[in-house]
Amino acid sequence: MDVPAVPAHSEAVLHVSGLRKSYGGLEALRGVDLDVGAGEVVALLGPNGAGKTTLISIVCGLRRADAGTVEVDGLDALARTAQVRGRIGLAAQDTGVYPVVSVRHNLTLFGQLAGLERRALRTRIEEVAQALDITDLLDRLAGSLSGGQKRRVHTAIALLHRPRLLLLDEATTGADVETRARILDLVRRTAAEGSAVLYSTHYLAEVESLGSRVVILDRGRVIADGDARELVAAHAVPVVELSFAGDVPPALWDGRIGEDGRRIRIPTRDPAATLAELLPQIAGQQLTSVEILHPSLEAVYLALTGRRYDEADSEPTRENVSGVAAT
Amino acid sequence: MSLRRSSAILRHEMRVMFTDPSTAIFVIIMPLLMVALMKQLFANTLAQEGLTGTNGSEFAVPGMAVSFAAFSVGYAGFSFFRDHGWGTWDRLRASPATSVDLIVGKVLPTVAVTVVQLGVLFALGGPLFGLTITGSVVGLVLLIVVLALALSAFGMLVTALARTMNQLNAIGSVGGMAMAMMGGSFVPVSAMPGWAQTLAPALPTYWAMRGFRTLILENGTVADVLVPVLMLVGFGALFTAVAAARFRFEDTKVYWG
Ligand SMILES: Nc1ncnc2c1ncn2[C@@H]1O[C@H](COP(=O)(O)OP(=O)(O)O)[C@@H](O)[C@H]1O
Ligand SMILES: [Mg+2]
């Protein structure tokens, strides 16, 4: 009580607390808490429909929250949107560039809106262009670029004013290998320069290769928050998964988890030993597949939700959002 | 409002506009053609009104200029819908530009286009159609500017009401046609049925035409066109107020379909 209360988020560039948002009857965010510190990359991972875009849109003032608070650099981002916008760089999920003018004009417009002076802007355009390897494209019409090239221009715009908080929403969705590598590299470098980066994605592998802190968002809730490797170590052991053409042989059940009647998953620290032990019991059965699921974020997701992570996951139905069991 | 930001948007919008000059052509070439075709018709109408020494261009030039400016009133909204189609609208909203910066930067170019359009048509009216303007040139410029502002404000109102590009075109065309037809710029008020003559003053185009007539046929001074100018300012303010009340920056506008 006598210790002065220092808020835990005092160094956080982004501090989100108790954020809620519904679209009609659909609860897209159900009380989200999240911090991103200066110099930190946080991967916001979640299947499609998890609420990533809704969260990011609220942070930069594009959508209104129903409840909760958002602070950027200690400023109330929901009330002082104008002040906060200058500190945020957003590359939204949908690519937004003016196709009928050149790449340079696109960058110039948004640099001017962010308040950059003529000379500073010109130098900065060269810098971000180099970082994203679009220098040769600067004088091309943005509309004449390939999807991946447009995506890089789209991302470059967000960086122009060296934002304190960089928000990238599915920056690499549909991007080619080269673009993906460029963007991931840039994310690391931007954080190294002291910005806070919130990087939303639905690709598990990307988060693993980023090796950063990860916040897993699922159906509008944060279900995990921590260093990716630590989360894996804490939540997951390898799993041996057996699938059968018919029902799982009763002998195999033995208190183990099965997803449905035809598949069984056996968590084990030693998959080979487990398989050897199981061999006699599966002899003569119509086995359709044997899979060893190595511990990964996918296993973390499975352990926490009881569902397999599907990168092409469809959006939650109204039934399971409101908690009424779907049949 | 920030002058720097709105002028950045303005310059950008001009650049985008010049990539597609079809509208500018529509509002200049078409009225010239119409004046050439209909000048004689209007010469007869003016003669019936007892105005001698006229050749029809006295009505035809301002009439067609105002009518085509009115027809293209939805153009003010294009730039908003385009941004939604290009995914740049949220980008603008997420930038430090305020809503006022955005509106000013996007609407002023359409005001400028209308001013240039009306100016060019009046300037060509003399050499091409024998139009003589005996009244005040300052009054003419003033009238052109306030008319352009009023029509652009109406365009903003249409934009605020429309959710899709099709609606923008539909409401813009109906509104623009009504302005041109009922306000007495496409057909002279004197040639309209009585009920329409009663209705005409409810439209900004009526006041624009009255002002142009004063300047062209009645040696009008700036003071003589003060009433039309103030009426147009009033219409502009009214349209702006309603548009501002109805405009929602977070609404999604549909460019296609
Ligand atoms: N404008 C909207 N109107 C209605 N529902 C929406 C809207 N935007 C998103 N949703 C719904 O909210 C949920 C979360 O969506 P979103 O934030 O886009 O998730 P993500 O970005 O993780 O894919 C989804 O079920 C989606 O269908
Ligand atoms: Mg999304």
Side-chain angles (χ1 to χ4, degrees), chain A residues 23 53 56-64 72 77 80-102 104-118 121 141-143 150-151 153-158 160-161 163 165-167 169, chain B residues 1-24 75 78-106 108-110 113 165 247-257:
Chain A
Y23 298 106
T53 298
I56 288 176
S57 305
I58 291 173
V59 168
C60 54
L62 292 175
R63 293 184 204 177
R64 269 191 254 276
V72 174
R80 302 162 79 176
T81 29
Q83 240 173 319
V84 163
R85 277 179 182 154
R87 296 164 193 254
I88 299 180
L90 165 73
Q93 178 166 355
D94 297 324
T95 306
V97 294
Y98 289 99
V100 297
V101 300
S102 71
R104 194 186 298 280
H105 281 139
N106 272 280
L107 293 166
T108 304
L109 170 67
F110 290 105
Q112 285 170 338
L113 292 183
L116 292 176
E117 301 290 347
R118 185 184 289 261
L121 177 56
L141 285 187
K150 269 189 205 140
R151 204 65 191 165
V153 174
H154 175 72
T155 310
I157 292 173
L160 281 167
H161 54 300
L165 173 63
L166 179 61
L167 301 171
D169 195 0
Chain B
M1 185 191 139
S2 145
L3 208 63
R4 267 234 317 260
R5 298 204 168 96
S6 40
S7 79
I9 297 172
L10 187 148
R11 273 173 287 146
H12 166 76
E13 287 297 334
M14 291 290 222
R15 181 168 283 129
V16 171
M17 201 183 262
F18 285 125
T19 63
D20 177 23
S22 57
T23 301
Y75 191 70
F78 280 17
S79 77
F80 291 88
F81 282 83
R82 268 194 312 242
D83 270 301
H84 282 277
W86 288 337
T88 42
W89 179 247
D90 276 352
R91 183 132 243 177
L92 291 173
R93 279 180 62 215
S95 82
T98 64
S99 25
V100 177
D101 296 339
L102 276 178
I103 301 266
V104 169
K106 280 178 168 293
L108 280 190
T110 68
V113 165
M165 188 76 168
F247 203 90
R248 296 275 173 278
F249 275 77
E250 60 272 29
D251 279 358
T252 306
K253 300 225 182 253
V254 183
Y255 191 50
W256 301 115

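Keep in mind the model is a prediction, meaning the values are calculated, not measured. Order of the sequence lines sets the chain letters (A, B, ...), proteins ahead of strands, with each chain counted from 1.
Contact check for B:Pro109 versus B:Leu10: side-chain heavy atoms found under the 4.5 Å cut-off.
Between A:Leu107 atom CG and A:Leu121 atom CG the span is 8.0 Å, to the nearest 0.5 Å.
In plain terms, the two heavy atoms of B:Ile9 and B:Ala97 that are nearest each other are CD1-CB, 4.2 Å. Nearest heavy-atom pair across A:Cys60 and A:Leu167 is CB-CD1, 4.1 Å. For the residue pair A:Pro163 and A:Ala158, the shortest heavy atom distance occurs at CG-O, 3.4 Å.
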### Verdict with supporting geometry, B:Ile103 and B:Phe80, side chain to side chain contact (heavy atoms under 4.5 Å, CB included)
CA-CA 9 Å; B:Ile103 301 266; B:Phe80 291 88; 4.2 Å; yes
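With a threshold of 4.5 angstrom between heavy atoms, A:Ile88 does not approach chain B through any atom at all.
Taking the ring centroids of B:Phe81 and B:Phe78, they lie at or beyond the 6.0 Å cut-off.
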Dump the table of donor-acceptor contacts under 3.5 Å between chain B and chain A, or return none if there are none.
{"from": "B:Arg4", "atom 1": "NH1", "to": "A:Glu117", "atom 2": "OE2", "distance (Å)": "3.4"}
{"from": "B:Arg4", "atom 1": "NH2", "to": "A:Gly115", "atom 2": "O", "distance (Å)": "3.3"}
{"from": "B:Arg5", "atom 1": "NE", "to": "A:Leu113", "atom 2": "O", "distance (Å)": "2.6"}
{"from": "B:Arg15", "atom 1": "NE", "to": "A:His105", "atom 2": "NE2", "distance (Å)": "3.3"}
{"from": "B:Arg15", "atom 1": "NH1", "to": "A:His105", "atom 2": "NE2", "distance (Å)": "3.4"}
{"from": "B:Arg15", "atom 1": "NH2", "to": "A:His105", "atom 2": "NE2", "distance (Å)": "3.3"}
{"from": "B:Asp83", "atom 1": "OD1", "to": "A:Tyr98", "atom 2": "OH", "distance (Å)": "2.5"}
{"from": "B:Arg91", "atom 1": "NH1", "to": "A:Gly96", "atom 2": "O", "distance (Å)": "3.4"}
{"from": "B:Arg91", "atom 1": "NH1", "to": "A:His154", "atom 2": "O", "distance (Å)": "3.1"}
{"from": "B:Arg91", "atom 1": "NH1", "to": "A:His154", "atom 2": "ND1", "distance (Å)": "2.9"}
{"from": "B:Arg91", "atom 1": "NH2", "to": "A:Leu90", "atom 2": "O", "distance (Å)": "2.8"}
{"from": "B:Arg91", "atom 1": "NH2", "to": "A:His154", "atom 2": "O", "distance (Å)": "3.1"}
{"from": "B:Arg93", "atom 1": "O", "to": "A:Arg85", "atom 2": "NE", "distance (Å)": "3.1"}
{"from": "B:Arg93", "atom 1": "O", "to": "A:Arg85", "atom 2": "NH1", "distance (Å)": "3.1"}
{"from": "B:Arg93", "atom 1": "NH2", "to": "A:Leu62", "atom 2": "O", "distance (Å)": "2.9"}
{"from": "B:Glu250", "atom 1": "OE2", "to": "A:Arg64", "atom 2": "NH2", "distance (Å)": "2.6"}

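Note: A:Leu62 leads A:Leu62, A:Val101, A:Leu109, A:Val97 in heavy-atom pairs under 4.5 Å with chain B.
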